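Everything quoted here is computed from the prediction, not taken from an experiment. For ligands, and for the atoms within them, numbers begin at 1 and follow the listed sequence.
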Amino acid sequence: MRVGVLTGGGDCPGLNAVIRGVVRKGVQEYGYDFVGFKDGWRGPLEGDAIRLDIPAVRGILPRGGTILGSSRTNPLKVQDGIRRIKDNLAKQEIQALIAIGGEDTLGVAARLSGEYGVPCVGVPKTIDNDLSATDYTFGFDTAVNIATEAIDRLHTTAESHMRVLVVEVMGRHAGWIALHSGLAGGANVILIPEQRFDVDQVCDWVTSRFRASYAPIVVVAEGAMPKDGDMVLKDQSLDSFGHVRLSGVGEWLAKEIEKRTGKEARTTVLGHVQRGGTPSAFDRWLATRFGLHAIDCVREGDFGKMVALRGTDIVRVPLADATARLKTVDPKLYEEVGVFFG
Ligand code: F6P
């Protein structure tokens, strides 16, 4: 049996741990051959692949990024994309494909598997943790740790100058990174995409924090939006899945806070620092287990499925269900954290 593996969408810490888990178990236990497709769906689309064997996955467990490269190529938007993928898989005698990705990459895998008969297994990844059907995606824990450390550091410099520090974190549709890192880092305001924010209310919280002789830290997810107005964007360009490039709300909010409170404010945009570097122990553990279970799906011919974490168990869910809706922050959870605002 020959199995193809690809990593698509934004990279995240733990991708290499999945690849290693898949290949180690697949070669050692089942005697499979592996091919790694380069740069997400571009690889099978163009037939660009490398051999993956045990020496190729040695030493990659703690490495961030992906040894296969990644891209946001959408084969469903490419002329003859499905036929080209099927031809290239047949040419390389690939009998199963493991796609490691977020909602877009797995959305393609769901359609290839459900509508076009390509035997796919999905593995959920994204630092945003916004895939439904799994309690956690790997990459999220690392991103939260990085953001928390940054917030810890920003507290001391904010207090030395008695300034407002606005920290913009990733989170396109879901505020999980903002919520977890904001709570862990003791932020005074946390703003998430799921709840539009009132700038005057943010300014009240900022002012009350200063009144207590502390400097406020405001954590804002890149997808958060003010109550009156639209998403604040620096760049209007779209990727091939139709997403705009986010970022800009942090800078905008800092200016509004300065204008309305008269206090000095600065912005830190954490950006891709949250996605880079070595995965946390939790992400290595989760990614490795996802890899081991994904190759078991292949072994059992259980295609059209995604591996998922439920409690401490790894389960299988239909790929189509996994990508049908996003997992966003429950308003009740957000309300719970609100006790620390201001
Ligand atoms: O989807 C994960 C993510 O990190 C989002 O939080 C962010 O908006 C996006 O990717 C950034 O994508 P890119 O690296 O392509 O600019």
Side-chain angles (χ1 to χ4, degrees), residues 6-15 18 38-42 64-66 68-74 77 99-109 122-134 136-148 150 167-182 190-194 219-225 230-252 267-277 279-280 283 286-287 306 322-323 325-329:
L6 66 85
T7 53
D11 71 331
C12 90
L15 288 167
V18 180
K38 298 299 299 288
D39 308 333
W41 290 110
R42 189 192 69 75
T66 161
L68 296 177
S70 194
S71 75
R72 294 192 188 272
T73 304
N74 183 352
K77 292 260 176 74
I100 311 166
E103 50 160 331
D104 297 328
T105 305
L106 297 183
V108 172
V123 177
K125 70 88 232 185
T126 167
I127 64 162
D128 290 358
N129 196 38
D130 58 0
L131 280 181
S132 56
T134 184
Y136 285 100
T137 50
F138 65 86
F140 172 66
D141 182 66
T142 306
V144 168
N145 283 323
I146 293 167
T148 303
V167 190
E168 185 185 293
V169 298
M170 280 187 172
R172 182 175 281 277
H173 310 288
W176 294 110
I177 298 177
L179 195 74
H180 282 231
S181 64
I190 302 172
L191 305 173
I192 60 174
E194 292 87 339
V219 174
V220 57
E222 60 182 359
M225 277 185 275
D230 291 328
M231 187 169 263
V232 185
L233 296 173
K234 270 203 302 210
D235 187 338
Q236 303 288 335
S237 58
L238 300 181
D239 68 21
S240 76
F241 285 92
H243 303 306
V244 279
R245 193 175 295 170
L246 297 184
S247 185
V249 66
E251 216 174 291
W252 176 84
T267 312
T268 297
V269 180
L270 292 183
H272 292 81
V273 168
Q274 295 158 97
R275 284 206 335 226
S280 67
D283 282 337
L286 180 59
M306 180 188 90
T323 53
R325 68 185 174 85
L326 284 175
K327 183 180 66 188
T328 51
V329 174

Original post:
Is Asp283 reaching over with its side chain to a backbone N or O of Phe138, donor-acceptor style, under 3.5 angstrom?
Top reply: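 No.
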Does any part of the side chain of [Y], heavy atoms only, come nearer than 4.5 Å to the side chain of [X], both counted from C-beta?
{"X": "Tyr136", "Y": "Asn129", "value": "yes"}
{"X": "Asp104", "Y": "Asn74", "value": "no"}
{"X": "Asp128", "Y": "Trp176", "value": "no"}

**OP:** Say whether His243 and ligand 1 are in contact under the criterion: heavy-atom distance to a ligand atom below 4.0 Å.
**Re:**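 The answer is no, since His243 has no heavy atom less than 4.0 Å from ligand 1.
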Subject >> Under 4.0 Å to a heavy atom of Gly171 - the qualifying atoms of ligand 1, by number >> reply: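 It comes down to these atoms of ligand 1: 6 (O).
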Original post:
Which of the numbered atoms in ligand 1 are below 4.0 angstrom from a heavy atom of Arg275?
Top reply: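 It comes down to these atoms of ligand 1: 3 (C), 4 (O), 9 (C), 10 (O), 11 (C), 12 (O), 13 (P), 14 (O).
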Subject >> Separation between OG1 of Thr323 and CG of Leu131, rounded to the nearest 0.5 Å >> reply: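 So the OG1 of Thr323 and the CG of Leu131 are separated by 8.5 Å.
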Quick one: look up the protein heavy atom nearest [atom] and list residue, atom name and how far away it is.
{"atom": "atom 15 (O) of ligand 1", "value": "Arg72 NE, 3.0 Å"}
{"atom": "atom 2 (C) of ligand 1", "value": "Asp128 OD2, 3.6 Å"}
{"atom": "atom 7 (C) of ligand 1", "value": "Glu222 OE2, 3.2 Å"}

**OP:** Check His272 against ligand 1 and report side chain, backbone, both or neither, counting heavy atoms closer than 4.0 Å.
**Re:**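 Just the side chain.
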**OP:** State which residue, out of Ile127, Ile146, Asp141, fulfils the side-chain contact (heavy atoms from CB on, under 4.5 Å) condition with Pro13.
**Re:**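 One option only clears the test, and that one is Ile127.
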